[in-house]
Amino acid sequence: MHWIWVIIVGAIIGALAGSITKKGEAMGCVSNIIAGIVGSALGEALLGSWGPQLAGMAIIPSLIGAVILVVIVSFVVQKLN
């Protein structure tokens, strides 16, 4: 049951990161989930796990990490095209 919550929270964090960066329209549901989960790991590695937590993810560092990840990935994809 924990992994279902991780996927749901990861999708929400990824969708929020996409809307903050205005790159969310091009991303699908699977990309939002991946961005949210990987961004959560990145954010917590860089900033620690402080603030409110949901499904074992610290929300604020996870969101910051997902925003960083979306910006970097969209920059790389834009340069390749």
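We're numbering straight along the sequence, starting at 1.
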Ignoring hydrogens, what is the shortest heavy-atom contact between Ile13 and Gly36? Give both atom names and the distance. CG2-CA, 4.1 Å
Sequence neighbours excluded, the answer for side-chain contact (heavy atoms from CB on, under 4.5 Å) partners of Ile20 is Leu63, Val67
By side-chain contact (heavy atoms from CB on, under 4.5 Å), Ala58 pairs with (sequence neighbours left out) Glu44, Ser49, Gln53, Pro61
Only counting residues at least two apart or in another chain, list the ones meeting side-chain contact (heavy atoms from CB on, under 4.5 Å) with Leu46. Leu42
Partners meeting side-chain contact (heavy atoms from CB on, under 4.5 Å) with Val73 (sequence neighbours left out): Leu69, Val77
Same cluster or not: Val38 versus Phe75, using hydrophobic residues (I, L, V, M, F, W, Y) connected whenever any side-chain heavy atoms lie under 4.5 Å apart? no
To check you understand the geometry: which heavy-atom pair defines the closest contact between Ser62 and Met57, and what is its length? OG-CB, 3.8 Å
When you group the ILVMFWY residues by side-chain heavy-atom contacts below 4.5 Å and let the links chain together, are Ile12 and Trp5 in the same group? yes
